[in-house]
Amino acid sequence: MLPNTTVEADPRWQRVLARDRSADGQFWYSVATTGVYCRPSCPSRTANPRNVGLHGSLKEAKATGFRPCKRCKPDGPPADIENAAIVARACRAIETSEEVPSLKGLAAAAGLSASHFHRLFKRVTGLTPKDYAQAHQASRVRDCLARGASVTEAMYDAGFNSSGRFYEKSRTMLGMTPTQYRAGGANEELRFAVGQSSLGAIVVASSDKGVAAILIGDDPEELVRDLQDRFPNARLVGGDHDYESMVVRVIGFVETPQIGLSLPLDVRGTAFQRRVWQALQDIPAGQTCSYSDIARSIGAPKAMRAVATACAANNIAVAIPCHRVVRNDGALSGYAWGVERKRELIVREAEPAQIERGPFSISRQQTECDAARATVPPTAFAGRDGLRRRNR
């Protein structure tokens with residue numbers, strides 16, 4: 001036991017003050033005035049350090065003759081392990097139920113209040129119980145349809161008890177109608193157009209729901225091939241004159257980010273990816289966040305790698321601004337469309353509203369569309385008989 005005269009100088013005391021869960025199992029502390037010993041993460045009121053002893057082992061803590069704290073239960077497994085087991089049981093219950101269990105029912109099975117269980121589930125998984133259940137439903141629907149089951153079989157197997165509710169959610173779950181998904185996405189139509197910006201060629205593709213892809217690169221033909229690879233069963237149709245305005249807005253934003261970019265999006269991904277991508281959209285232009293910042297913001301502080309993977313899976317450059325995510329030390333990390341483009345986008349977003357780039361000058365007072373058009377050179381688009389009209 002460490003003499004209590006030196007407790008305040010011991011770095012472990014700071015971890016007790018922070019209720020650091022990662023310190024559980026590394027040391028314990030006892031409180032003479034209450035006659036208990038605790039783990040570092042104990043939620044009890046902070047003790048006076050003059051009455052505290054720090055112990056390097058559970059055996060040493062027990063040797064004080066004090067009783068174990070009833071709140072943090074220091075004799076049991078670490079709270080994180082116990083909580084993970086509770087959430088794992090809840091996940092299995094969700095996955096094996098014919099219908100989505102209620103929050104109240106899941107909490108009761110765990111022996112917790114609904115609010116406590118909700119917070120715990122989100123902290124461990126990064127998703128709410130409802131989001132997890134919806135993601136599992138979507139996975140079951142996709143698996144059934146991929147095996148060749150009928151749409152009706154997939155609907156009931158996933159736990160939907162009405163066709164109206166199923167079809168209401170199917171577009172969000174699958175990114176297309178169930179029948180199209182069952183056919184491997186065949187006959188889904190994506191309009192696309194190719195433009196040219198100062199950062200390279202840009203391809204914008206949209207479904208009838210919204211923009212499904214924005215790709216940036218050096219070679220327009222390679223970008224179109226990349227688009228087909230990302231949507232292998234879709235039918236690519238060159239956008240008409242009206243669709244060019246969509247591409248104009250994207251190029252305008254790339255040239256002058258201060259004009260802003262607001263587009264209808266067709267976001268396709270898992271529940272976790274959607275949470276990450278929404279967090280990216282919440283980062284203001286001109287600012288950056290680390291992967292750990294994003295992980296904390298979605299309630300999954302340990303999911304930095306998963307956040308990085310979700311960023312890499314993003315199909316919609318600049319509109320879902322994964323370029324605004326950097327390493328913890330501020331250094332640039334990888335970017336699907338090139339680290340130098342990422343660097344330039346960050347620099348441009350940090351510039352004042354009134355800037356000059358080549359022959360273009362844009363002010364914040366211009367409307368988004370007018371400003372975008374002003375930034376796009378006349379040669380920005382592929383010719384009417386070129387890539388923009390190319391069907392694959």
Side-chain angles (χ1 to χ4, degrees), residues 191-206 210-224 226-227 238-265 277 280-289 311 314-326 332 335-384 386-388:
R191 290 175 297 159
F192 80 100
V194 180
Q196 189 68 35
S197 74
S198 59
L199 294 185
I202 294 180
V203 166
V204 180
S206 301
V211 174
I214 299 176
L215 312 179
I216 308 174
D218 296 322
D219 185 338
E221 291 196 19
E222 285 187 7
L223 286 181
V224 175
D226 185 17
L227 178 65
D240 56 20
H241 179 75
D242 290 339
Y243 189 71
E244 290 182 356
S245 64
M246 182 83 75
V247 189
V248 165
R249 292 166 67 187
V250 174
I251 296 175
F253 177 79
V254 168
E255 302 298 341
T256 310
Q258 290 73 21
I259 65 178
L261 182 64
S262 177
L263 299 172
L265 301 181
W277 296 337
L280 298 182
Q281 291 175 277
D282 293 338
I283 304 173
Q287 297 183 23
T288 58
C289 289
C311 290
N314 174 29
N315 285 331
I316 311 177
V318 301
I320 297 178
C322 52
H323 62 274
R324 295 176 189 162
V325 185
V326 297
L332 296 186
Y335 186 54
W337 296 282
V339 174
E340 287 307 312
R341 289 190 177 95
K342 178 173 185 173
R343 187 191 315 277
E344 181 61 21
L345 284 168
I346 292 174
V347 169
R348 291 183 183 186
E349 290 185 343
E351 291 177 348
Q354 179 72 38
I355 69 170
E356 293 186 2
R357 181 168 290 111
F360 314 119
S361 179
I362 303 300
S363 66
R364 189 182 296 273
Q365 282 68 37
Q366 291 176 273
T367 65
E368 179 182 308
C369 191
D370 288 344
R373 289 187 180 280
T375 65
V376 182
T379 58
F381 295 101
R384 190 161 296 275
L387 285 170
R388 186 170 56 78

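Index from 1, following the sequence. The analysis underlying the following values was restricted to heavy atoms, covering all of them including side chains, and did not include hydrogens, waters or symmetry mates.
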Measure across [X] and [Y] and return the closest heavy-atom pair with its distance rounded to 0.1 Å.
{"X": "Leu280", "Y": "Ile320", "result": "CD1-CG2, 3.9 Å"}
{"X": "Ala212", "Y": "Asn315", "result": "O-CB, 3.7 Å"}
{"X": "Ala201", "Y": "Leu223", "result": "O-CD1, 3.4 Å"}
{"X": "Val211", "Y": "Ile316", "result": "O-CD1, 3.5 Å"}
{"X": "Ser206", "Y": "Met246", "result": "OG-CE, 4.3 Å"}
{"X": "Ile214", "Y": "Ala319", "result": "CD1-CB, 4.0 Å"}

key: Distance in Å, Thr256 OG1 paired with Leu261 CG, rounded so as to fall on 0.5 Å steps   = 12.0 Å
ask   = So how far is it from Ile283 CD1 to Arg324 CZ, rounded to the nearest 0.5 Å?
value = 7.0 Å
ask   = Short question: side chain of Arg348, backbone of Val254 - any donor-acceptor pair under 3.5 Å?
value =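 Such a contact is found between Arg348 side chain and Val254 backbone.
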ask   = Taking side chain as C-beta onward, heavy atoms only, is Ile346 less than 4.5 Å from Val326?
value = yes
request  = With the side chain counted from C-beta on, respond yes when Val250 and Leu263 share a heavy-atom pair under 4.5 Å apart, and no when they do not.
outcome  =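 A side-chain contact under 4.5 Å exists here.
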message = Could you work out, with salt bridge (Lys or Arg N to Asp or Glu O under 4.0 Å) as the rule, every residue matching Asp218, not counting sequence neighbours?
response =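 Listed in chain order: Arg341.
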request  = Sequence neighbours left out, what passes salt bridge (Lys or Arg N to Asp or Glu O under 4.0 Å) with Asp226? Give chain and number order.
outcome  =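 For Asp226 the salt bridge (Lys or Arg N to Asp or Glu O under 4.0 Å) partners, ignoring immediate neighbours, are Arg230.
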message = Let's go through Leu265 and Trp277 carefully: what are the C-alpha distance in whole Å and the side-chain angles of both, what is the deciding distance for side chain to side chain contact (heavy atoms under 4.5 Å, CB included) to 0.1 Å, and is it a yes or a no?
response = CA-CA 12 Å; Leu265 301 181; Trp277 296 337; over 6 Å; no
query = For the side chain to side chain donor-acceptor pair (under 3.5 Å) test, which of His323, Gln258, Gln287 pairs with Glu349?
reply = His323
